[in-house]
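Here the structure comes first, spelled out in structure tokens, and everything after it is commentary.
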Amino acid sequence: MGNDVLFETLLRLADNHLILGHRLSEWCGHAPMLEEDLAMPNIALDLIGQSRALYAYAAEIENQGRSEDDLAFLRLEKDYHNILMVERPNGDFGHTMLRQFLFSSFMVLFWERAQNSTDKVLSGIAGKAFKESQYHVRHTAEWIIRLGDGTEESHKRMTAATAALAPYIGELFEADAVDQSAISAGIIPRASDLRGAWETQVRSVYAEATLEPILDHQAQTGGRIGQHTEDMGFLLAQLQYVQRTYPNMTW
Amino acid sequence: MSDQNEIPLWEVFIRPRNGLSHRHCGSLHAVDATMALNAARDVYTRRGEGQSIWIVPSADITASDPQEKDANFEPSESKIYRHPTFYEVPEEVGHM
Amino acid sequence: MYSQGLIGADSSSEETPEFLAEFQKRIDREEKIEPNDPMPSGYRKTLVRQIGQHAHSEIVGMLPEGNWITRAPTLRRKIALLAKVQDEGGHGLYLYSAAETLGVSRKQMTEELLSGKAKYSSIFNYPTPTWADMGAIGWLVDGAAIMNQIPLCRCSYGPYARAMVRVCKEESFHQRQGYEIMISLAHGSPEQKEMAQDALNRWWWPSIMMFGPHDSDSTNSDQSMAWKIKRFSNDELRQKFIDATIPQAEYLGLTVPDPDLKWNPEKNDGKGGYDFGAIDWDEFWTVVKGGGKMNVDRITARQKAWDDGEWVRDAALAHAKKQTAKKASATLAAE
């Protein structure tokens with residue numbers, strides 16, 4: 001396995017966390033209640049913090065003189081390799097919580113196993129991220145239970161969110177040739193091995209939330225190789241605005 | 001706060017580290033105990049302030065009446081024999 | 001972040017002169033007043049008004065900086081800004097809690113903010129068109145806020161003072177965060193330096209105005225000082241802020257937009273201080289009364305968050321009620 005597999009693996013993970021953290025940060029100051037205006041940035045700060053550690057390590061592995069910020073801010077859309085779920089617009093609070101729950105329920109299993117990664121730096125990042133994502137699951141699951149079960153309107157909204165996010169679940173468990181190499185080298189766990197535990201967790205929360213699970217919808221994919229939805233360009237337009245408008249400066 | 005549609009208020013107590021008792025550090029709003037615990041974690045332990053959290057519905061706290069402060073607390077102020085300085089021990093005996 | 005300029009409080013009390021004199025004695029002995037203690041109605045009203053305005057300022061204050069979270073230029077800056085705006089939400093929360101000890105609910109206060117009945121610091125009605133505004137706000141607006149807030153840690157009302165201790169502890173990084181941004185810009189490219197100067201030009205006078213009207217025009221000040229809600233006058237704090245800030249501007253190599261600014265060795269009892277130009281109070285009152293560029297947008301954003309969140313709050317309450325009912329019927333069945 002060459003360094004390019006490790007680099008690409010780190011980049012995919014970093015992009016997932018940056019883009020989802022970015023989406024979540026859009027809520028800051030606009031949450032349904034003040035307590036949640038503190039809770040959502042806490043999760044966003046964890047995610048962006050994880051992305052920072054991953055970008056910094058990726059930049060080191062690449063060894064081409066690029067910094068964490070060069071990787072985070074100065075690539076073309078097709079070079080961001082995050083899964084599509086994380087770039088989806090926030091929608092309402094229920095949609096945002098459900099997206100976070102589906103993602104974090106996956107990541108908690110991923111990080112748990114990645115603590116045994118053959119790559120020592122990644123296993124270190126995984127140790128911290130595992131603890132953080134445990135809370136993300138707990139926080140979002142509590143909301144999903146309340147919103148699914150709460151009122152007629154909230155149940156309707158959560159049912160709609162369940163359907164809206166269903167096409168983006170399959171991509172979590174995909175593995176292309178790069179992933180296969182990283183899995184064979186023991187760098188990351190095999191995502192498809194996590195599916196059983198993930199479904200058990202998700203089904204139990206959906207049941208408590210009185211929501212009908214839609215987990216086997218035909219998957220929309222392509223994020224791993226830079227084929228995004230239309231929303232990604234607008235997200236990057238904001239993310240990259242300062243760096244693109246004033247190139248080569250220190251901030 | 002009898003409004004049925006008002007999200008209840010909770011008092012938050014945090015143990016900064018083991019060996020110390022929980023201390024009142026503020027309040028917050030939450031619909032139930034689970035959400036109150038989560039919110040207390042998110043609001044009051046962002047800078048490593050805590051090892052353990054208690055939450056109590058504010059409505060469940062029974063407080064003494066400040067109007068009865070004198071009746072409650074002044075009588076104990078005159079009972080100086082409850083304090084060690086009330087008793088005389090010769091200096092030669094040393095610290096006691 | 002907060003403005004000392006308490007706007008439109010009613011500090012009149014209905015209690016007997018004996019009661020008021022007795023209360024004043026407690027204040028003069030530096031006794032703290034706690035929630036259930038007897039207190040003059042004017043004291044209560046002034047505090048509800050001031051703590052409410054302070055809390056609203058924190059909440060509305062999340063918006064101008066929140067405007068740049070998704071556009072922050074580096075990961076380090078993004079994290080710092082997000083944590084700072086989050087802190088402001090926390091400060092609003094602590095302050096609403098302090099006001100709630102006086103018998104007014106957060107929901108009531110929120111409704112008063114949205115209806116326009118309650119005010120907030122007018123500084124947040126200015127727009128943040130450039131990244132340099134994140135620097136200028138942290139440096140100047142938070143700097144002015146700290147001047148106001150540190151004395152509030154000794155305010156006579158216990159819950160307010162305790163909330164402020166927490167706020168001040170947390171805010172200590174805010175001004176440094178802003179000043180660090182200003183340093184990067186002021187010592188950066190010509191475009192960056194221009195951006196920094198432009199931000200200073202726009203934020204200087206509004207920051208000076210944050211301390212509120214001159215003492216001679218500040219109607220509620222005397223009573224608030226007597227009750228030790230306030231410890232220093234508007235003009236004292238304003239002078240302190242200017243004297244502290246000018247050397248910081250000089251270090252940046254930026255020009256403070258006041259041609260009348262001049263060192264005066266006689267000032268501050270001979271310790272020296274800066275003379276400064278006339279403040280445009282017409283602009284101040286225009287913005288307070290709703291004529292700022294962002295007044296409408298700020299309240300619209302808060303209203304939208306409140307309205308969009310209604311189904312969430314309702315659902316969570318409904319779930320909690322169902323759970324309570326379930327528990328009650330289970331207990332009944334067990335008996």
Side-chain angles (χ1 to χ4, degrees), chain A residues 21 24-25 27-49 93-94 96-98 100-101 104-105 108 128 131-155 157-158 204-205 207-210, chain B residues 1-69 72:
Chain A
L24 208 52
S25 77
W27 273 101
C28 188
H30 309 276
M33 57 190 291
L34 200 39
E35 282 71 10
E36 209 53 30
D37 258 325
L38 277 94
M40 284 197 279
N42 271 349
I43 300 178
L45 285 166
D46 285 345
L47 297 175
I48 300 172
F93 179 76
T96 301
M97 284 295 118
L98 188 60
Q100 191 66 49
F101 171 68
S104 295
S105 299
V108 88
K128 183 163 179 284
K131 284 181 209 137
E132 291 174 343
S133 47
Q134 280 178 312
Y135 181 73
H136 304 168
V137 172
R138 205 171 87 209
H139 185 87
T140 53
E142 295 297 349
W143 270 113
I144 284 148
I145 290 163
R146 279 155 189 77
L147 298 178
D149 174 65
T151 61
E152 206 176 307
E153 184 189 357
S154 72
H155 185 80
R157 282 174 180 265
M158 291 312 289
S204 97
V205 171
E208 212 177 323
T210 70
Chain B
M1 259 155 277
S2 55
D3 189 341
Q4 282 296 296
N5 288 319
E6 192 121 1
I7 297 179
L9 190 66
W10 301 73
E11 299 305 320
V12 180
F13 300 81
I14 303 235
R15 183 205 299 285
R17 55 174 196 275
N18 284 10
L20 300 176
S21 48
H22 286 76
R23 227 183 123 178
H24 183 245
C25 69
S27 1
L28 51 79
H29 287 270
V31 291
D32 54 43
T34 307
M35 296 307 257
L37 266 181
N38 280 355
R41 179 259 189 201
D42 281 319
V43 173
Y44 289 106
T45 68
R46 283 173 294 133
R47 287 170 167 82
E49 296 97 327
Q51 295 291 323
S52 164
I53 303 172
W54 288 351
I55 44 106
V56 184
S58 308
D60 287 356
I61 289 181
T62 308
S64 65
D65 184 348
Q67 308 278 17
E68 290 167 9
K69 198 170 91 186
N72 276 334

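From a predicted model like this one, the values you see are computed outputs, not experimental measurements. All chains are named by letter (A, B, ...) in the order of the sequence lines, taking the proteins before the strands, and each is independently numbered beginning at 1. All values below were derived from every heavy atom in this structure, side-chain atoms included, with hydrogens, water molecules and symmetry-related copies excluded.
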Would you give me the side-chain donor-acceptor pairs under 3.5 Å for residues 142-152 of chain A, sequence neighbours excluded?
{"unit_1": "A/E142", "atom_1": "OE1", "unit_2": "A/R146", "atom_2": "NH1", "d": "2.8"}
{"unit_1": "A/W143", "atom_1": "NE1", "unit_2": "A/E36", "atom_2": "OE1", "d": "3.1"}
{"unit_1": "A/W143", "atom_1": "NE1", "unit_2": "A/E36", "atom_2": "OE2", "d": "3.4"}
{"unit_1": "A/R146", "atom_1": "NE", "unit_2": "B/D32", "atom_2": "OD2", "d": "2.9"}
{"unit_1": "A/R146", "atom_1": "NH1", "unit_2": "A/E142", "atom_2": "O", "d": "2.8"}
{"unit_1": "A/R146", "atom_1": "NH2", "unit_2": "B/D32", "atom_2": "OD1", "d": "3.3"}
{"unit_1": "A/R146", "atom_1": "NH2", "unit_2": "B/D32", "atom_2": "OD2", "d": "3.0"}
{"unit_1": "A/D149", "atom_1": "OD2", "unit_2": "C/H319", "atom_2": "ND1", "d": "2.6"}
{"unit_1": "A/T151", "atom_1": "OG1", "unit_2": "A/S154", "atom_2": "N", "d": "3.0"}
{"unit_1": "A/T151", "atom_1": "OG1", "unit_2": "A/S154", "atom_2": "OG", "d": "3.3"}

- Task: Give, for atom CE of A/M158 and atom OG1 of A/T210, the distance between the pair rounded to the nearest 0.5 Å.
- Result: 10.0 Å
- Message: To the closest 0.5 Å, what do you measure between OG (B/S27) and CH2 (B/W10)?
- Response: 12.5 Å
- Nearest 0.5 Å, what's the NE2-CG distance between A/H136 and A/D46? 3.5 Å
- Query: Where along residues 43-58 of chain B does a heavy atom come under 4.5 Å of chain A, listed by residue number?
  - Reply: B/V43, B/R46
- Item | Polar side chain donor-acceptor pair, B/E11 to B/H24, under 3.5 angstrom | yes
- Mind checking the CD-OG spacing from A/Q134 to A/S104? Nearest 0.5 Å is all I need. 11.5 Å
